[in-house]
Every structure is written in C-alpha cells, then in structure tokens.
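Along the sequence shown, residues are numbered consecutively beginning with 1.
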Amino acid sequence: MRYNFVKFGITANLELNEERRDYPFFEQNRDVFTQIFEFLSGQKSCFVISGLQGVGKSKILDEALSYLNNDVLMFRYRMYEATTLDDILFNLIIDFREYQKNLEITLPKIDTKDFREKIQFYIKNINRPMLLVLESYENVFKCEETSNIINDFLLHISSIDKFKIIFISRSFESQIFENKNVAYDSTIITSLDEDLVEKYFNNCDLATTPEGIEKLISNSRCYLKYIDMTIKLIQTFNLSLDDLMNEFELKNTNYYSFLISKFLSLIPEKSRELVYVLTLIRQGITPAFLSLINKNNSSEINYLKNILILNEDTKKNMYVKDYFKRELEKEIEQFDRIKIHSFLEKFYNNMLPKKPLERELLISRNTMRREKEYHSKFVEAYQSLNMKSEHSVSSNLSKISEEKPINLQETIEEVKEVSMINTNIGKDLLIAISGTIAQSIYFTIIIMLFNNGIIREYIYNLFLLYHNSMLLFNLLPILP
C-alpha cells in the first residue's frame, strides 16, 4: 500500500514570500526541498540532513515539514548526551498514547511490557504513515555501545513501509546504512552565499554599510546561526552592524568566541545557578524539574530564551546549546560544580521508584541509573581528593605541634644554611616557572581534545581537578 506523506500538489517549487526575513536562505536551498519531498514521496526509508553547526539544518526541515499530509503521525525528538534507546521507546509510547487520547488513532492491544515489541506492533497495525525526526543525532555517536543499539533498532523499524526516519546531524557515517543494506538519501546544508547576506539583513530592517557587511561575511563565514546571533545582539544592545564589528575588532579573539562571550554577559547573576545546572545535566529539563529547584519563573525563563541561552525542543524540554555549554563549564567554580553533581545524583536516585508519568524527566529507569552513576563519580573524585588534602594538612599540624627545645647549635647551623638556600632560589624559581608553562600547554591540549569530542566530560573534569592542584604546586615557589 502506498502512503502519502506530503500534501497533494506540493512540490519544491514553493511560492515563498520574498519579504520574509529568511527568504534568501530558503531560496538558496530549493534543491534541498526537492530532495526532502522526493524522499517523502519515494520508497527509501531514511534521510540524513547534515552540515556544520549553525548552518540552518533544523530551520529548513521545519519549513519542509509544514507541508506534511495531515494524516502523518509525527514523532520528533532531540538526542541528548545521555539519550538511550529506552528513552526513545519510552517517548514513542507516550506519543502514541497522546494520539489515542486525541482520538486520532486506536492503539491495538498487545500483552507485553517490552517497549520494543509494543512499538513494532503499533507501527505494523496502525494504518497511518509515520515519520520519526531525530535531531542532534551526533550526540548518539559519543557512546559506541549506545549508538550501536539505537542504530540497529531504528534501521530495523525503518524497514516497515509506512515508517520513515529523518536524521539531523552535524556529521554522519554512511556505513551505518550500508552495513545493514538500508536504502537512504542524504543532503548537506551549507552556509549562506555571500551575495545573500546583505539581502538577509535588509529583510530584518537593519541599517548596513558595505564595510560592515564585508566584515560580517569575512568573520561569520556566512553561517546562518552566526548571522542570526549578530542580528539579536544588534537589536538587544541597540547597535549598528558597524558598531558591533568595530567592537569585535578591538578584541583579540575570533568572531565565534566574541559572540558567545557577548551572550553570556547577558545572563543575570540570579539566573546563573539555573544555567549552571542545565550546563552539567545531560538531558533537556521540564517545567516539573524547574519547579523542583524553585526556578519555574516564567519571566526569567522567557528572558533566557530571548537571549538564546535557553532553547526548547518539540517536547517542551529546555536545554543549553553545546557551544554555550563549553564556555559555561569553564566558569563554574569547583565548589558549585560538585554541589550540582551531588544534587543531580540525589535527584536521579529519588526519581527511580516513581511511575513514568510521575517523573520530573521523561526518561527510562536505565538512564536514571546511568546518570546517577555518572554524577556520583564526580562527587566521589572530589571527596577522595579532599580526604587526601585533609590528611596532609592534619599530618603537618601534628608535626608542628610537637614542641622541640631550642638548641643554640641547631640555630647557628640553620643560619649557615640560609646562604645555601639563597643560592638555590634561582634554580627553584626556574623549575617552578618551567612547570607552570608545561602545565598550561598540557591544559590547552586537553581543552582542544574535549572541545573536539575526543575525550569525555568525566575525564576532562578529573583532569581539571589535577590541573588546579599541580598549578598551585608550581606557583607556590613563585608567589611571595
């Protein structure tokens, strides 16, 4: 049986309003619309939209999905660092039940508690076309074991003719499909053409100059996200493009880092605790979670959304984009970091006995256990380091408390040793300075590896504890 995913008569030759702000972007990507519509109308079950961070992957898909047939059952999820297959299945079950609650479908009965069996049974026995959209799929590849399980199941259910999947990811491995002999299509979203950047700005009613546009094109690499962030800053600070470009040129940094720092400077002090929690948690958070930490203040949340710090997925889960997370992680003090990890460890532990719809986060128990263990490692590492430190201090204090009688000969010998000590100060300072430089280089390498996803957050944070200790050790001979 053939299923219609797209409304009758819709083709890639869409009549878009040329006055709308994003018209230049959609006009440039008409061929991508063609590919998406051909996929939805064709026989292939999987489609990949890839492209670098900030080029507009989700934006173009949002527009294409607005032309879906009303008969299509749509499921859309964002993949987080801690997402597992159980979480995907759990949310699919909830959505199927929501469709039934709205009288759009009748769920066939099946006597099993196994989520995989239920999902497959529903898909096979509900006579409707179904589309699953998975955003930020690059997060799945951060754990090989989890990614293999997720990929295997998704490709299995994609073999059912009424079921299609669209993956949105910064990068994708074609072997996933080829190893399973799955027919798929893909497209890559690129940055805006240079000649469209000025038109994009003009559609926003913002004053520009040729010099300002030229600088923006050069520094933003025409990434749609960077241009949108630039527009937001201009509107927020009531600046001109030239003003912003001139301010950037005074900074000794790249344009990406400049944009991030400007937005982070807009976070009020009272909101930083909430933002820090969202930085260290590895899932999107719900209003129920916000209520739990007494942060469900609508005006505060709306402000953080308006300055782009908070984002909301299609399930109404809020999260912080990873490019903000990377910078925020660097500014969280160690005490605050451990306090948050400790809170999250207890939070997941307390949520374990709760029924699915009573949970503050819509995740599976397996994920709760994994996240509880993940956050506990940071707490244990900190406690272990603290115990060693306390033991060292107490040992030193006990030695000092041992009173020794003053010995004139020893005092004379100590005075003699002063001259020898002074001759060694230069050597000690040189060693200390060399150690500090070496430690700084090592730290820079670790940050680069972490930002490129080569090492995990847990390893990075353990190294941070080690780095701070060693840096202090190297600095002691230098400081007066």
Will you find, in the side chains of [X] and [Y], an N or O donor that is under 3.5 Å from an N or O acceptor?
X	Y	answer
Y276	E329	no
D87	T367	yes
Y137	N151	yes
K7	N70	no
K346	N349	no
T112	E117	yes
Q35	T187	yes
N139	S136	no

So how far is it from [X] [atom1] to [Y] [atom2], rounded to the nearest 0.5 Å?
X	Y	atom1	atom2	result
I307	T236	CD1	OG1	8.0 Å
M130	I123	CE	CD1	6.0 Å
I165	I157	CD1	CD1	5.0 Å

Using 4.0 Å as the upper bound for N to carboxylate O, is an ion pair formed by [Y] and [X]?
X	Y	value
D86	R365	no
E135	R78	no
E81	K325	yes
K330	E327	yes
K262	E247	yes
R76	D62	yes
K270	E300	no
K118	D111	no

Kindly say whether [Y] contributes a backbone atom to a donor-acceptor pair with the side chain of [X] at under 3.5 angstrom?
X	Y	value
Q120	R116	yes
S41	E38	no
N29	F25	yes
D336	I332	no
Q28	S191	yes
S220	L216	yes
N297	S299	yes
S342	K339	no
E345	K372	no
S257	N254	no

Is any side-chain heavy atom of [X] closer than 4.5 Å to a side-chain heavy atom of [Y]?
X	Y	result
L266	F237	yes
I168	S58	yes
F163	S45	no
I285	Y319	no
T230	F258	no

Test D71 against N4 for side-chain contact (heavy atoms from CB on, under 4.5 Å), laying out the working first.
-> CA-CA 8 Å; D71 208 34; N4 296 319; over 6 Å; no

In a check of side chain to side chain contact (heavy atoms under 4.5 Å, CB included) between Y77 and each of D313, D95, V133, N317, which one passes?
-> D95

Identify whether NZ of Lys or CZ of Arg in R359 sits under 6.0 Å from the centre of the six-membered ring of F90 and within 45° of that ring's axis.
-> yes

Distance under 6.0 Å and angle within 45° of the ring axis: does K164 meet both against F5?
-> yes

Should the ring pair [X] and [Y] be called parallel, tilted or perpendicular, given that the plane angle runs from 0 to 90° and is split at 30 and 60?
X	Y	result
F378	Y374	perpendicular
F177	Y184	parallel
H375	Y348	parallel
Y256	Y226	tilted

Ignoring hydrogens, what is the shortest heavy-atom contact between [X] and [Y]? Give both atom names and the distance.
X	Y	answer
S147	V140	CB-O, 3.2 Å
L264	R272	O-NH2, 3.0 Å
I105	R128	CG2-NH1, 3.8 Å
T146	T83	CG2-O, 3.6 Å
D185	K44	OD1-NZ, 3.2 Å

Test of ring centre spacing under 6.0 Å for Y99 and F75 = yes

Within a reach of under 6.0 Å around [atom1] of [X], are more than 12 heavy atoms found that belong to other residues, nucleotides or ligands?
X	atom1	value
D31	CG	yes
I188	CD1	no
Q235	CD	yes
N252	CG	no
K251	NZ	no
E333	CD	no
K59	NZ	yes
E145	CD	no

CA sep, side-chain torsions, deciding dist, call: K316, T286, side-chain contact (heavy atoms from CB on, under 4.5 Å) = CA-CA 7 Å; K316 304 298 181 184; T286 62; over 6 Å; no

Does the pair I166 and F39 meet the rule for a side-chain contact (heavy atoms from CB on, under 4.5 Å), with working shown?
-> CA-CA 10 Å; I166 295 179; F39 161 72; 3.7 Å; yes

I would like to know whether L40 and F47 meet side-chain contact (heavy atoms from CB on, under 4.5 Å); could you show each step before the answer?
-> CA-CA 9 Å; L40 292 172; F47 189 79; over 6 Å; no

Partners of E27 by salt bridge (Lys or Arg N to Asp or Glu O under 4.0 Å), sequence neighbours excluded?
-> R30

Take Y200 and Y23, measure what ring-ring contact (aromatic ring centres under 6.0 Å, His included) needs, and give me the verdict at the end.
-> CA-CA 8 Å; Y200 191 87; Y23 173 78; over 10 Å; no

